[in-house]
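First the structure, in the form of C-alpha cells, and then the observations on it.
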Amino acid sequence: MNLNTNFSTQQSIRKNFTFGATNLKTILYYENITSNLIDNISYSNKVFVNRLDDDNTIIGREASQNLLESIKTIGLINPIYLLEQSKNNYIIISGWRRFLALKELYKEEINKIFYQKAIILKKETPLKILQHISIDENTQRKDLSILELSYMFNKLSNTKGIKVDECLKQFNIGKTKFHIIKKAIDFHPLIKDKILEDVGPVKANVLNKILIKLLVLYPENEAHSLLFTYSSKFKEELDIILKNLEDNLNHKNDIFEIKKNNKVTILKIKEDLTEEHHLKIKIFFKELLKK
C-alpha cells in the first residue's frame, strides 16, 4: 500500500517518539479494522496494557459507553496500535479502551470496516519504541487514571535500559510530577480511593503527607474528617498546614527521649505521669511486644 496516504499519522508518530535512524516503513504497516482482525488480537496478552481495572469495569463506565456511541456515529478517529506476533496474530500496544469498544460494536455490526485504522508494528520492532508508544499516547490523551499512570511509570522504570531522564523527554512530563505520579500507587488507601483523581497528583501528594501526620496526632475518624476538610484547600494552604503539623509533632517529640544500647531500649518521658498513665504505657508496650 502507499504509505503517503497515512502521512499525518506518520508525522504524529515522529513528533511523539524519537526513532533515531529507524525508518518507519521498515517497522510498521497499516490494516483495515474488521471483525476478523479484532478476532485475531490476543485478548489475554496484556503486557503493554497499563490498566488496573478489569475489562468489564472499563467498558461499563459512562466514558467507555460514550466512546462506543461516538465510534458508531462518526467512526474511529484514533487508530489502535498492534504488535505482530505471527501471521494474523497480534497484541495491543495502545488503544485498549478502543479495542474493547470495537469488540462490543462488532457484536451488532459484524461487517463494519474502519479503513487503515490499525497501525501494525512488526515483531522485530525494538522494545524501546513499543514502550514509548504504549506510554506516550495514554499520557497525552489522558485515557488513564492517575493510579494507572503510576503503575505504568513504575513498570517502565523497572525496565532495563530505560532511564528516567529519557522518560521525561519522551513523554513530555516534568521530573517532579513524574516522581509524584510514580509514587501515587503507594499513597494511603483513603487518598487513592477517595481523593487522588479529584484533586490531582500534586495536591494528593501533600494531602498524603498531611494524613500521615494527622493519624499520629488524632484518632483515625477525626484524622479522616480533617483530611476531607483540607482536601478543598489550595496547595499553598496545604503546605502551611503540613508545616504546622510537623512543628506540632516535633514539639510532642520533645517530651520524650529514646536511647538504645545493645539489646536494651530506654524511653525517657519528661513529664510527671499519673498511675493511670503508667498503666496505659504498660498495656501499650505489652500489646506492642506481644508479651
Worksheet item: If you measure from CD1 on Ile119 to CD1 on Ile80, what distance do you get to the nearest 0.5 Å?
Response: 9.5 Å
Worksheet item: So does Glu276 have more than 12 non-hydrogen atoms from other groups sitting under 6.0 Å from CD?
Response: no
Discussion item. I'd like to check the salt bridge (Lys or Arg N to Asp or Glu O under 4.0 Å) partners of Glu275; sequence neighbours left out, ordered by chain and number.
Written reply: none
Worksheet entry | Gap between atom CD1 of Ile129 and atom CD1 of Ile27 - 0.5 Å precision | 4.0 Å
Worksheet item: Would Leu238 end up clustered with Leu217 when hydrophobic side chains under 4.5 Å apart are linked, directly or stepwise?
Response: yes
Item to complete: Would you mind reporting whether Tyr81 and Ile120 have side-chain heavy atoms less than 4.5 Å apart?
Response: no
Item to complete: For the pair Asn40 (side chain) and Asn36 (backbone), establish whether a donor and an acceptor sit closer than 3.5 Å, ignoring hydrogens and angles.
Response: yes
Worksheet item: Counting distance only, does the side-chain N/O of Asn45 pair as donor-acceptor with the main-chain N or O of Ile91 below 3.5 Å?
Response: no
Worksheet item: Do other residues, nucleotides or ligands put more than 12 heavy atoms under 6.0 Å from the NZ atom of Lys175?
Response: no
Fill in: N/O donor-acceptor pair under 3.5 Å between Ser150 side chain and Ile181 backbone
yes
Discussion item. Given 3.5 Å as the limit, does a donor-acceptor pair link the side chain of Asn208 with the main chain of Ala204, or not?
Written reply: no
Worksheet item: With respect to Lys72, which candidate in Glu104, Glu108, Glu109 satisfies the side-chain hydrogen bond (donor to acceptor under 3.5 Å, both in side chains) definition?
Response: Glu108
Discussion item. I'd like to know if the side chain of Asn154 and the backbone of Lys182 have a donor-acceptor N/O pair within less than 3.5 Å.
Written reply: yes
Worksheet item: Just wondering, are more than 12 heavy atoms of other shown residues or ligands nearer than 6.0 Å to OH in Tyr115?
Response: no
Worksheet item: Which atom pair, heavy atoms only, marks the closest approach of Phe187 to Ile180?
Response: CZ-O, 4.3 Å
Discussion item. Quick check: is Ile212 connected to Ile241 through a chain of hydrophobic side chains (ILVMFWY, heavy atoms under 4.5 Å apart)?
Written reply: no
Worksheet, complete the sentence: One should read off an interatomic distance between Ile93 CD1 and Leu28 CG, to the nearest 0.5 angstrom, of 12.0 Å
Worksheet item: Would you find a donor on one side and an acceptor on the other, under 3.5 Å apart, between the side chain of Thr229 and the backbone of Ser225?
Response: yes
Worksheet item: Between Arg98 and Leu76, is there a donor-acceptor pair closer than 3.5 Å when you use the side chain of the first and the backbone of the second?
Response: no
Fill in: Same cluster (ILVMFWY, side-chain, under 4.5 Å), Leu215 and Phe228
yes
Response to the item:
Of all heavy-atom pairs linking Leu130 and Leu83, the shortest is CD1-CD2, 3.8 Å
Worksheet entry | Glu237: side chain to side chain contact (heavy atoms under 4.5 Å, CB included) partners, not counting sequence neighbours | Lys233, Phe234
Worksheet item: What is the distance from atom CG of Leu211 to atom CG of Leu227, rounded to the nearest 0.5 Å?
Response: 5.0 Å
Worksheet item: Side-chain heavy atoms under 4.5 angstrom apart, residues restricted to Ile, Leu, Val, Met, Phe, Trp, Tyr: same cluster for Leu249 and Leu242?
Response: yes
Fill in: Rounded distance (nearest 0.5 Å) linking atom CG of Leu82 with atom CD1 of Ile41
4.5 Å
Worksheet entry | Expected output: side-chain His277 to main-chain Thr274 donor-acceptor under 3.5 Å | yes
Discussion item. For the backbone of Ser231 and the side chain of Lys203, can you confirm whether one donor and one acceptor N or O come within less than 3.5 Å of each other?
Written reply: yes
Worksheet item: What distance do Leu102 atom CG and Lys112 atom NZ have between them, rounded to the nearest 0.5 Å?
Response: 10.5 Å
Practice prompt. For the pair Asp247 and Lys243, find out whether any cationic side-chain nitrogen is under 4.0 Å from an anionic carboxylate oxygen.
Written response: yes
Discussion item. I'd like to know if Ile240 and Leu226 are part of one continuous hydrophobic network [Ile/Leu/Val/Met/Phe/Trp/Tyr, side-chain heavy atoms within less than 4.5 Å].
Written reply: no
Worksheet item: Do the side chain of Tyr106 and the main chain of Ile38 share a donor and acceptor less than 3.5 angstrom apart?
Response: no
